[in-house]
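FYI, the numbering just counts along the sequence from 1. Because only heavy atoms are used, hydrogens play no part in the values below, and waters and symmetry mates are left out as well, while side chains stay in.
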Amino acid sequence: MSTVKIEIKEVSKSYGEKGPTVLKDVSFNINHGEVIAILGKSGCGKSTLLNCIGGFETIDQGQIMLDGTAVTKPSKRCIMLMQNYGLLPWRSVRKNVELGIENSNLPTADITKRAAHYLQMVGLEDRANALPSELSGGMQQRVAIARALAIQPEVILMDEPFGALDTFTRYYLQDELKQIQQREKMTIVLVTHDIDEAIYLADRILIMKPNPGEIHKEVVLKLPKDRNRADADFQHYREIIFNEFQFTHDKAAIEFNI
Ligand SMILES: Nc1ncnc2c1ncn2[C@@H]1O[C@H](COP(=O)(O)OP(=O)(O)OP(=O)(O)O)[C@@H](O)[C@H]1O
């Protein structure tokens with residue numbers, strides 16, 4: 001039986017006292033070990049919602065609970081993976097991966113061991129002493145993933161994590177992430193503009209609509225974990241989502257990758 005990891009209950013938020021309502025009465029649950037993708041047109045509040053879940057933004061109304069405890073500030077149990085990687089340019093790859101755990105109570109030998117383990121997991125153990133500037137964008141994102149995993153969070157929030165990468169690197173990292181998620185069983189909330197990425201990775205897709213940001217539709221992906229982008233079932237879900245965004249009509253939303 002699946003257990004609820006995160007509860008989002010009637011969350012509303014605006015920026016500033018007189019700002020427009022960015023999120024209105026947003027409610028949904030995320031189960032332990034589930035991968036949720038959030039899709040929606042630009043400005044509908046996806047990043048705001050992710051920041052609220054991570055405790056980086058306060059909410060005006062409602063509640064966000066992680067394992068039954070209200071989220072009021074960021075915590076290492078629930079961390080954010082950014083699109084721009086957030087690597088420190090003066091630190092080696094290894095030192096970047098150690099960043100999130102070096103102020104923990106772990107002995108130095110364990111910190112080194114854990115960083116090496118996750119670097120190996122993303123296939124970068126031989127680049128441990130390189131600087132981020134010596135790596136490709138895809139490799140830098142793998143360092144960021146290793147750094148996030150080294151913290152051993154229960155939840156990873158991802159804001160367009162592969163948006164800046166070329167198609168092949170994106171596919172490669174999507175596969176890598178999928179394997180790691182299945183091994184480590186962490187919960188993932190993924191904001192993306194890439195419909196294929198959402199169908200490929202998620203158990204459930206939430207489609208948001210703007211002004212104010214609300215959950216418009218939930219699509220449960222009844223697909224095996226191993227997915228093929230060319231399968232008829234995959235196309236079926238594409239069509240459902242395309243229709244939601246009126247791709248088949250004249251108001252095509254060009255910000256989505258297909
Ligand atoms: N720090 C902020 N201060 C004021 N307004 C903000 C702030 N962050 C976001 N907004 C506003 O909130 C609304 C939702 O923004 P948000 O970034 O959450 O949308 P999004 O769906 O993630 O957009 P995109 O897909 O373009 O990244 C937008 O109107 C945006 O201008």
Side-chain angles (χ1 to χ4, degrees), residues 1-11 13 23 25-40 45-59 62-82 100-101 104 106 114 117-118 121-122 144-162 173-192 194 197-208 215-227 237:
M1 205 188 72
S2 47
T3 52
V4 174
K5 186 77 188 166
I6 301 170
E7 280 175 274
I8 292 136
K9 284 196 237 170
E10 293 172 15
V11 166
K13 167 153 186 86
L23 298 175
D25 290 337
V26 173
S27 294
F28 62 97
N29 287 347
I30 302 169
N31 292 326
H32 178 85
E34 195 176 24
V35 181
I36 293 275
I38 301 175
L39 284 173
K46 303 179 296 295
S47 301
T48 300
L49 178 57
L50 209 61
N51 282 321
C52 291
I53 295 172
F56 302 103
E57 286 287 353
T58 54
I59 54 176
Q63 259 186 331
I64 298 180
M65 316 281 275
L66 175 62
D67 286 330
T69 305
V71 173
T72 52
K73 56 180 185 351
S75 103
K76 289 201 168 175
R77 295 174 60 200
C78 177
I79 63 153
M80 179 82 84
L81 187 73
M82 307 297 288
I101 45 175
S104 62
L106 284 173
R114 204 194 278 185
H117 171 76
Y118 286 103
M121 197 179 271
V122 299
I145 292 171
R147 185 178 60 188
L149 292 170
I151 298 169
Q152 297 186 336
E154 295 157 43
V155 181
I156 301 191
L157 308 172
M158 301 186 159
D159 200 349
E160 293 183 59
F162 310 132
L173 287 186
Q174 286 168 357
D175 277 335
E176 219 165 49
L177 180 70
K178 192 171 224 174
Q179 283 168 22
I180 293 171
Q181 192 276 333
Q182 284 171 26
R183 211 176 310 147
E184 309 265 309
K185 306 276 181 254
M186 70 262 191
T187 306
I188 295 181
V189 189
L190 167 78
V191 162
T192 179
D194 185 333
E197 179 166 280
I199 303 173
Y200 193 68
L201 292 176
D203 298 304
R204 217 159 22 117
I205 297 175
L206 299 176
I207 300 174
M208 289 182 71
I215 305 293
H216 167 60
K217 192 177 172 86
E218 178 191 83
V219 180
V220 178
L221 295 158
K222 294 185 181 133
L223 292 170
K225 284 280 182 193
D226 279 336
R227 296 177 189 177
Y237 284 112

Undergrad: What distance do D25 atom CG and K9 atom NZ have between them, rounded to the nearest 0.5 Å?
TA: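 It comes to 14.0 Å.
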Undergrad: Test side-chain contact (heavy atoms from CB on, under 4.5 Å) on V11 and Q63; report intermediate values, then the result.
TA: CA-CA 6 Å; V11 166; Q63 259 186 331; 5.8 Å; no
Undergrad: Quick one: does T187's side chain have a donor or acceptor within less than 3.5 Å of a partner on H32's backbone?
TA: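 It does not hold such a pair.
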Undergrad: Under 3.5 Å, is there a donor-acceptor pair between the side chain of D203 and the main chain of V35?
TA: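 Yes, D203 side chain to V35 backbone: donor-acceptor pair under 3.5 Å.
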Undergrad: Rounded to the nearest 0.5 Å, what's the gap from OH on Y237 to CD1 on I199? Could you check?
TA: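 Here the interatomic distance stands at 9.5 Å.
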Undergrad: Do Q152 and I101 have side chains that get closer than 4.5 Å, going by heavy atoms?
TA: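 No, their side chains stay 4.5 Å or more apart.
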Undergrad: Under a 3.5 Å cutoff, is there a donor and acceptor pairing between the side chains of Q174 and E197?
TA: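 Side-chain D/A pair, Q174 to E197: present.
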Undergrad: List the residues meeting side chain to side chain contact (heavy atoms under 4.5 Å, CB included) with A37, not counting sequence neighbours, and say none if there are none.
TA: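 A37: side chain to side chain contact (heavy atoms under 4.5 Å, CB included) contacts with L190, A198, A202, I205.
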Undergrad: Test of understanding: with side-chain hydrogen bond (donor to acceptor under 3.5 Å, both in side chains), list the residues that count as partners of H216, not counting sequence neighbours.
TA: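 Checked H216 against side-chain hydrogen bond (donor to acceptor under 3.5 Å, both in side chains); matches are E244.
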Undergrad: Does the pair K46 and D159 meet the rule for a salt bridge (charged side-chain N to carboxylate O under 4.0 Å, His left out), with working shown?
TA: CA-CA 9 Å; K46 303 179 296 295; D159 200 349; over 6 Å; no
Undergrad: Which heavy atom in Y118 sits nearest to a heavy atom in A150, and how many Å separate them?
TA: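 Taking Y118 first and A150 second, the nearest heavy atoms are CD1-CA, 3.6 Å.
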Undergrad: Side-chain contact test, heavy atoms from C-beta onward, threshold under 4.5 Å: evaluate it for L66 versus C78 and give yes or no.
TA: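 A side-chain contact exists here, since the closest heavy-atom pair is under 4.5 Å.
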Undergrad: Any heavy-atom pair between the side chains of I188 and I36 that's under 4.5 Å?
TA: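 No, too far: nothing below the 4.5 Å cut-off.
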Undergrad: Kindly write out the residues that satisfy side-chain hydrogen bond (donor to acceptor under 3.5 Å, both in side chains) with R204, not counting sequence neighbours, or none if the list is empty.
TA: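 With neighbours one apart ignored, the set is E34, E218.
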Undergrad: Please name the pair of heavy atoms, one in V26 and one in L23, separated by the smallest distance, quoted to 0.1 Å.
TA: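 Scanning both residues, the minimum pair turns out to be CG2-CB, 4.2 Å.
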Undergrad: Checking salt bridge (charged side-chain N to carboxylate O under 4.0 Å, His left out) for the pair D226/K178: CA distance, chi angles, key distance, verdict?
TA: CA-CA 9 Å; D226 279 336; K178 192 171 224 174; 5.9 Å; no
Undergrad: Less than 4.5 Å apart, side chain to side chain, heavy atoms only: is that true for I38 and M208?
TA: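 Yes, close enough: below the 4.5 Å cut-off.
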Undergrad: Show the nearest heavy-atom pair for residues C52 and K13, with the distance to one decimal.
TA: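 Heavy atoms only, the tightest pair is SG-CD, 3.7 Å.
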Undergrad: Pick one: which of L201, T192, L177, I79 meets side-chain contact (heavy atoms from CB on, under 4.5 Å) with M158?
TA: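 The single option meeting the side-chain contact (heavy atoms from CB on, under 4.5 Å) with M158 is L177.
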Undergrad: Can you tell if the side chain of I145 reaches within under 4.5 Å of the side chain of L81, non-hydrogen atoms only?
TA: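 Side-chain contact under 4.5 Å: yes.
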Undergrad: Do D175 and Y200 pair up side chain to side chain, a donor and an acceptor below 3.5 Å, judged on atom types alone?
TA: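 Yes - a donor-acceptor pair under 3.5 Å links their side chains.
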Undergrad: Checking E7 side chain against D67 main chain: does a donor-acceptor pair fall under 3.5 Å?
TA: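 Pair absent, no side-chain N/O of E7 close to backbone of D67.
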